[in-house]
Every structure is written in structure tokens, then in C-alpha cells.
Protein chains: 2
Amino acid sequence: MMAQDFGKRISKKKRQIVSTATDLFTKHGLKRVTVEEICQRAGASKMTFYKYFPNKMALFRHIMNGMIEDGYKKLYEIDAIDIPFREKMQKLIQYKIELGSKMNREFINEMLGPVPETMDFWQEIQVKNCQLFIDFVTKAQGRGDIRKMRPEFILAVFNKLLELILDEDLRKIYTDYAEFIREVNSFFFFGILPVEKQEHRE
Amino acid sequence: MMAQDFGKRISKKKRQIVSTATDLFTKHGLKRVTVEEICQRAGASKMTFYKYFPNKMALFRHIMNGMIEDGYKKLYEIDAIDIPFREKMQKLIQYKIELGSKMNREFINEMLGPVPETMDFWQEIQVKNCQLFIDFVTKAQGRGDIRKMRPEFILAVFNKLLELILDEDLRKIYTDYAEFIREVNSFFFFGILPVEKQEHRE
DNA sequence: AGAGATTTTACTATATTCGTATACATTATA
DNA sequence: TATAATGTATACGAATATAGTAAAATCTCT
């Protein structure tokens with residue numbers, strides 16, 4: 001009787017709904033996208049949609065949570081690898097950049113803009129993400145990889161530098177994109193490396 | 001009393017409306033974008049909008065016509081330069097590619113999709129564009145730059161090759177993007193160059 | 001001050017979207 | 001085959017959004 005489904009197999013239709021909705025949301029934002037449109041493109045009927053999600057916002061939350069989850073895993077994964085902290089950071093930045101191309105500020109604003117409900121949700125997410133990153137930094141501090149500064153401050157700086165990387169105009173200055181990234185990365189590092197590990201200090 | 005405005009100066013607000021609408025339409029398509037949204041982002045009131053355009057579709061047509069106009073000028077401009085036909089073609093392809101990044105198929109489909117009115121309009125545009133390109137080809141044939149083939153056929157091939165260029169997957173095969181373009185271009189040419197001008201013929 | 005452009009606010013008719021109810025079709029499996 | 005589970009088609013009412021208009025207030029020039 002297949003009973004509980006063993007919690008494993010997620011309905012094909014559900015997956016299709018989620019994936020097409022992800023596409024549409026990241027492209028056009030929450031408000032512009034219609035439940036009916038999602039269903040049409042997913043090749044599912046509206047009834048199926050409401051079988052799996054109570055409403056559009058729930059689907060959206062589901063998707064966002066998935067993204068957070070991915071970020072969580074990624075961060076944990078990176079932290080577990082046995083490489084110098086600096087390389088970990090590099091990997092993290094790389095990941096955030098890839099994410100950033102989808103989750104850019106415009107996209108976020110578009111979602112935050114008109115729907116007040118999303119504001120609170122976004123706050124939630126930010127807080128979660130914060131905590132995660134702060135743990136990451138705290139661990140690194142425990143190992144002496146970075147100076148003892150308020151992790152919250154480091155997070156803020158990190159985010160500001162990410163904004164810098166996503167800045168199209170600045171990017172144009174560099175002929176080589178990789179060089180640009182290295183530049184930011186190295187800047188970030190000579191700011192947070194503990195004194196005893198820094199070679200170029202005046 | 002500034003009277004007729006001398007037909008020169010287009011109201012700043014109108015220009016802003018047109019430009020923000022162009023942005024929004026190219027990003028999200030006709031249907032997803034709201035008159036109110038355009039006005040808000042353009043910093044204009046709805047009344048101003050309806051002062052200049054009778055409705056959303058009219059604005060859309062205005063924008064599209066502008067693009068056609070640009071294409072017209074560009075083609076004429078390219079045709080007028082005293083360079084080999086092959087280089088003209090290269091320039092034309094370059095231009096179409098730039099345009100293609102905005103006017104991609106997805107965008108077009110999105111507009112054609114739900115609004116039946118746009119279908120007819122798009123037909124109109126296609127016909128105009130066709131005629132233009134066909135003139136271009138006919139002239140070239142008159143000069144002996146290309147073989148005597150039905151211009152309509154050449155247009156069709158040209159468009160197919162453009163689709164090829166915009167194909168992400170194919171693009172990935174080439175490490176150098178310029179090489180890719182050259183490849184397509186050269187393929188196109190050794191297909192249409194008149195026999196006496198071809199060097200590598202079996 | 002005075003004319004034209006622009007905004008603000010308020011409003012209506014229309015269209016869209018949401019979410020549900022019902023009856024029907026498909027698939028899988030015991 | 002019988003029995004569920006899953007999905008579809010269609011239609012529907014209610015809430016909401018949008019288009020487009022009207023009239024009065026405000027702004028911006030000269």
C-alpha cells in the first residue's frame with residue numbers, strides 16, 4: 001500500500017511546480033508571477049498546486065527555505081574541508097557570487113517591495129543566515145584563523161564586499177574577472193588576518 | 001508662449017516614461033508590467049501617461065516602432081559604409097546579437113503569448129523587417145556581392161544562424177566567443193558567396 | 001500674475017487572480 | 001480486476017488589481 005512513501009519520493013508534479021516557480025520567481029519576482037502561470041508551465045493543474053501548497057506565499061517560503069538549506073549545507077561543507085581558511089573564504093565568496101546572480105538586489109527589492117508579508121519573512125531569513133555565518137566566523141576565531149573582532153561586524157563587511165563584487169561598473173575596470181575577485185578577496189584578508197599571520201604589516 | 005514646442009523637444013516626463021517602460025517591458029514582457037508601475041518608476045503620474053499615450057498598448061507600439069526605426073537606421077548606415085560586403089554582414093550580425101540579448105525569443109514569446117493583439121503587431125513588424133533586409137540583400141546581389149538566390153531564403157537562413165549564435169549550449173563549446181562568431185560568419189559566407197569569389201571550392 | 005504642465009485624489013467599470021467544489025481520467029499496485 | 005492515489009478539466013464566487021477618467025490642487029515657468 002506504499003503507505004508513508006517512506007518520506008523519500010516527492011511527487012514529480014510537486015517537483016516540477018517548485019522548479020518552474022523558482023525560475024519564474026527569480027526572474028520576475030513574487031508579485032508578477034501567477035499561480036495559474038506556474039501551473040501551466042509546470043504542466044500541472046491548479047488543483048494539484050493547492051494539493052501541495054496552501055497558497056502562493058507558502059510555495060515561495062518553501063523555495064526560499066530550500067535555498068537557505070542549500071546555503072547551510074554549502075557553508076558546512078566548505079567548513080569541513082581541510083584547507084586553509086583563506087581558501088575556504090574564497091570558496092564561500094564564489095558560492096555567494098553564483099547565488100547573487102539569481103538572488104540579486106533587484107530581485108529581492110522586487111519581492112520586498114509591494115508585499116508586506118515578505119518583509120517579515122526576509123527578516124527571518126537574514127537572521128538565520130547571520131547566525132550561520134557568525135558560527136562559521138566564531139569557529140575560525142577559535143582556531144586562530146582570524147582576529148578577534150565582532151563576528152557581526154565581519155559579516156557586515158563581507159556583505160559589503162559582496163555588493164562590490166556584484167557592482168557591474170566596478171567589474172568593468174578589470175579586464176580579468178578573476179583578478180578582480182582576487183583583489184577583493186585579498187583586501188578582505190589583509191583586513192582580518194591576525195597580526196602574527198600577516199607578512200606585510202607596517 | 002513656447003507654442004508648438006517646435007516639434008523638437010520631447011517632454012522630459014514622456015522620455016522618462018518611455019525609457020523606464022522599455023526597461024520593464026524588455027525584462028518582464030508587456031503583460032507583467034502595469035501602467036501604474038511604469039508611472040511610479042518614471043516619477044510621473046498616471047494622468048501624464050494618458051496625456052501622451054492613449055493606453056499601454058500604444059506605448060508598447062511606440063517603443064517597438066522606435067526599435068524598428070533604430071534597426072532601419074543601423075542597416076542603412078551599415079550599407080552606406082564603403083567596406084566589403086562580408087564586413088557589412090559581420091557588423092549586421094554584431095548588431096543583431098546586441099539586440100538579441102534584449103529582444104530574445106523568451107521575451108517575444110512572453111509578449112506574444114497571452115495578448116492576442118500583439119500577435120498582429122508582431123506580424124507587422126516582421127514584415128517590415130523582412131522587406132528591409134530583402135532590399136539590403138537585393139542591392140548586394142545587384143553589386144554581385146552575393147549569389148542570386150531568393151532573398152527570402154537568405155533572410156530565413158540568416159535568422160536561423162542568429163538563433164544558433166544565441167544558443168547558450170553551443171556557445172559553451174567554444175572557449176573563445178569571438179571564434180564562435182567568426183565560425184558562424186564564415187559558414188554563412190562560404191554558403192552565399194558567388195562562385196567566382198570563392199577561393200576554397202571543390 | 002497667468003498659462004501650461006503635472007500631480008493628487010477619488011472614483012467606476014472591467015479584468016484578473018485566488019482558492020474551492022465537483023465530476024472525471026489516469027496510473028499504480030495489491 | 002478492484003482499490004487507492006494522483007492528477008485533470010471546468011466552472012465558479014469573491015477578493016483584488018488594473019485601466020482609464022474627472023476635477024481640483026499644485027507646480028513651474030516667464
Side-chain angles (χ1 to χ4, degrees), chain A residues 1-21 24-25 27-63 110-118, chain B residues 1-21 24-25 27-63 110-119 121:
Chain A
M1 42 163 100
M2 91 166 5
Q4 341 280 71
D5 230 359
F6 295 105
K8 284 181 188 176
R9 201 162 293 280
I10 298 163
S11 153
K12 196 177 171 184
K13 288 285 170 186
K14 179 172 178 180
R15 228 195 325 262
Q16 276 172 332
I17 287 172
V18 170
S19 104
T20 63
L24 287 170
F25 284 154
K27 270 193 195 129
H28 303 293
L30 180 64
K31 191 163 168 280
R32 286 181 217 272
V33 176
T34 288
V35 174
E36 258 156 2
E37 192 187 4
I38 294 168
C39 293
Q40 279 180 355
R41 299 217 191 185
S45 88
K46 217 169 18 161
M47 286 312 294
T48 318
F49 179 98
Y50 285 105
K51 179 150 286 178
Y52 292 114
F53 304 99
N55 51 47
K56 187 164 70 168
M57 191 60 197
L59 167 59
F60 179 68
R61 293 177 80 99
H62 176 84
I63 288 170
E110 200 148 292
M111 288 187 310
L112 293 184
V115 188
E117 205 179 350
T118 43
Chain B
M1 40 162 100
M2 87 165 15
Q4 342 278 71
D5 236 359
F6 295 104
K8 286 181 188 175
R9 201 161 295 277
I10 298 164
S11 153
K12 195 177 173 183
K13 289 285 170 185
K14 179 171 179 181
R15 229 197 323 264
Q16 276 171 334
I17 286 172
V18 170
S19 104
T20 64
L24 287 170
F25 285 154
K27 269 191 196 135
H28 303 293
L30 180 65
K31 191 163 167 281
R32 305 180 125 94
V33 176
T34 288
V35 174
E36 254 157 5
E37 191 188 4
I38 294 168
C39 293
Q40 278 180 356
R41 298 217 191 185
S45 87
K46 221 172 9 166
M47 287 312 294
T48 319
F49 179 97
Y50 286 105
K51 178 147 285 179
Y52 292 114
F53 304 98
N55 51 46
K56 187 165 70 168
M57 191 59 197
L59 167 58
F60 179 68
R61 294 177 80 99
H62 176 83
I63 288 171
E110 201 148 292
M111 287 187 311
L112 293 184
V115 188
E117 204 178 350
T118 42
M119 285 283 297
F121 181 54

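Here is how names work: the chains are called A, B, and so on, in the same order as the sequence lines, proteins then strands, and each is numbered from 1.
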Apply ring pair (Phe, Tyr, Trp, His ring centres under 6.0 Å) to B:Tyr52 and list each qualifying residue two or more places apart in sequence or on a separate chain. none
Looking only at heavy atoms, what is the nearest atom pair of B:Leu59 and B:Ala21, with distance? CD2-CB, 3.6 Å
Rounded at 0.5 Å granularity, tell me how far CD in B:Glu37 sits from CG in B:Leu24. 5.0 Å
Are A:Met47 and A:Lys51 side-chain neighbours, meaning at least one heavy-atom pair lies under 4.5 Å? no
Would you say that A:Lys56 contacts A:Phe60 through its side chain, given a criterion of any heavy-atom pair below 4.5 Å between the two side chains? no
Measure NZ/A:Lys13 against P/C:dT26 and give the value in whole Å, please. 13 Å
Bend angle of the helix from C:dA1-D:dT30 to C:dA30-D:dT1, from helix axes over five pairs at each end, nearest 10°: 50°
Is there a side-chain contact between A:Phe53 and A:Lys14, using heavy atoms and a 4.5 Å cut-off? yes
Treat primed atoms plus P, OP1 and OP2 as sugar-phosphate and everything else as base, then score nucleotides 15-23 of chain C 5' to 3': B for base contact with protein heavy atoms under 4.0 Å, S for sugar-phosphate contact only, - for none. --SBBBB--
Touch class at under 4.0 angstrom, heavy-atom based, for B:Tyr52 against every strand present: sugar-phosphate
A side-chain contact here means heavy atoms from C-beta on lying under 4.5 Å apart; do A:Lys27 and B:Arg32 qualify? no
Once you round it to whole Å, what is the distance between C1' of C:dT9 and CD of B:Gln40? 15 Å
Report yes if the side chains of B:Leu30 and B:Met57 come closer than 4.5 Å at any heavy-atom pair, otherwise no. yes
Look at the side-chain N and O atoms of A:Thr48 and state whether any lies under 4.0 Å from the OP1 or OP2 oxygen of D:dG7. no
